[in-house]
Amino acid sequence: MPRIRLTEAAVRRLAAPASGQTDYFDELLPGFGLRVSVTGRRSWFVFYRVKDGPQQGRQRRYTLPLSAEAIGLADARQAARDVMRRVEVGEDPSADKRRVRADRAAAMTVREAADQFVERYAKPRNQSWRETARILEVNVCSEWGNLALMDIGRGDVILLMDKFADRAPVMANRTLATLRKMMRWHVERGTILASPAEGISAPTRERQRERILTDDEVRWFWQATSEDGYPFGMLFRMLLAMAQRRDEVSLAEWSEFDLENHLWTIPREKTKGDRVHEVPLSPLSVELLDGLPRKGPLLFTTAQTGDRPVSGFSKAKERLSARMEEIAGAPISPWRLHDLRRTAGTGMASVGVPVSTISRVLNHAEGGVTKIYNRFSYADEKREALRVWAERLDEILGRD
């Protein structure tokens, strides 16, 4: 472990190691130093030996609560001297710190842990944080919400996954992935020592979905949505006509639409790819928009003020599927709302729209130099693609 004379300039010059972490001990204050990790994170530490008690003579490492970016060298040295004075009078700062952390963790419920994870991790980093919050609330907190986070064991996780695997195997996979990420985050924060979700295999093996609605199913779908009306009937129709994601449509606001120029601009915070997405409006989309009531800022809402998003997609979709089977007079193959988007993309391809244009309509991610250098909007190509898809839909539905 290198020993150097730590100065403000020396601290600034220290580069992140190629792997792991490196401790730099201070020549001026023995036991005090700076740890630099491969990620570039820097933290001040103090090494000392316990003076009294059953752990007497054992070496401890105490990390100062504030990072090197938050506290300067002079203040860090003073804080280290304070720690050493506590050691001289027989205290064990590391043990005290662990005891406080354990007490705090023991009192934290699973719901509190989930709320922390959503607010401090998912929201700042994940555009689909609402889905993360929904999975944790509906699938995890409904079962464990009032239990202490530290009391959740590996067996509890397995039992929960088995419960979901029987009736919703894909959702069981999503729940396990979300729970595992939340537990890892709390391990990193020191709330728990180990994650009970580690090493547990996904409950089911997923296959790439290829389901699209046939022309007959599209007709049954359109009739069923007409009977269902607002909000879900109209929302589901727009999913098929516009080919955008469920949350993008269900959370759309009137302020995002330029009806004069037939354009919907989805802000980056609402898109999966974290980038602004422009969706030209076909005549069919404009017709659907004209048929919506204006209750408030949101297109689709169940609140009189129009400011609360709709919920209950699963029940609405089950109701729609049941009505489609009544119209068809026979059972139909299981389908999901996302299949409407796939049906739209396949429908565009069937009338000659290039795959590259379909990808841009769907707002799929671009990679490599394409993402960096290609800033062309392809507005005309996307508008034409959605126009011919609307014409194809009219043809399927027998609309003039």
Considering only NZ, NE, NH1 and NH2 on the basic side and carboxylate oxygens on the acidic side, decide whether Arg323 and Asp228 come within less than 4.0 Å.
no
Expected list for residues 146-153: side-chain donor-acceptor pairs under 3.5 angstrom, two or more places apart:
none

Answer yes or no: is there an ion pair linking Asp339 with Arg342, defined by an N-O contact shorter than 4.0 Å?
yes
Parallel, tilted or perpendicular: ring planes of Phe117 versus Tyr121, cut at 30 and 60 degrees:
parallel
Can Arg174 and Glu131 be counted as an ion pair, charged N to O under 4.0 angstrom?
no
Salt bridge or not for Glu91 and Arg85, using N-O below 4.0 Å?
no
Report the distance from atom NE2 of His364 to atom NE2 of His277, rounding to the nearest 0.5 Å.
9.5 Å
Presence of salt bridge, Asp26 and Arg77, under 4.0 angstrom:
yes
Going through the distances and angles, do Thr63 and Arg61 end up as a side-chain hydrogen bond (donor to acceptor under 3.5 Å, both in side chains)?
CA-CA 7 Å; Thr63 302; Arg61 180 182 183 277; 2.8 Å; yes
Under-4.0 Å salt bridge between Arg211 and Glu217
yes
Please say whether the positively charged group of Arg35, taken as NZ for Lys or CZ for Arg, lies over the ring of Trp44, i.e. under 6.0 angstrom from the six-membered ring centre and within 45 degrees of the axis.
no
Just verifying a value: how many Å separate Trp335 CH2 and Ile212 CD1, rounded to the nearest 0.5 Å?
13.5 Å
Within 45° cone and under 6.0 Å: Arg246 NZ/CZ vs Phe313 ring
yes
Tyr48 vs Phe32, ring pair (Phe, Tyr, Trp, His ring centres under 6.0 Å): CA-CA, chis, key distance, verdict:
CA-CA 9 Å; Tyr48 64 91; Phe32 169 66; over 10 Å; no
Going by an N to O cut-off under 4.0 Å, is there a salt bridge joining Glu88 and Arg81?
no
Is the number of heavy atoms from other residues, nucleotides or ligands within 6.0 Å of CZ (Arg134) greater than 12?
yes
Can you classify the ring geometry of Tyr230 versus Phe300 as parallel (below 30°), tilted (30 to 60°) or perpendicular (above 60°)?
parallel
Arg360 NZ/CZ over Tyr378 ring centroid, <6.0 Å and within 45° of normal
yes
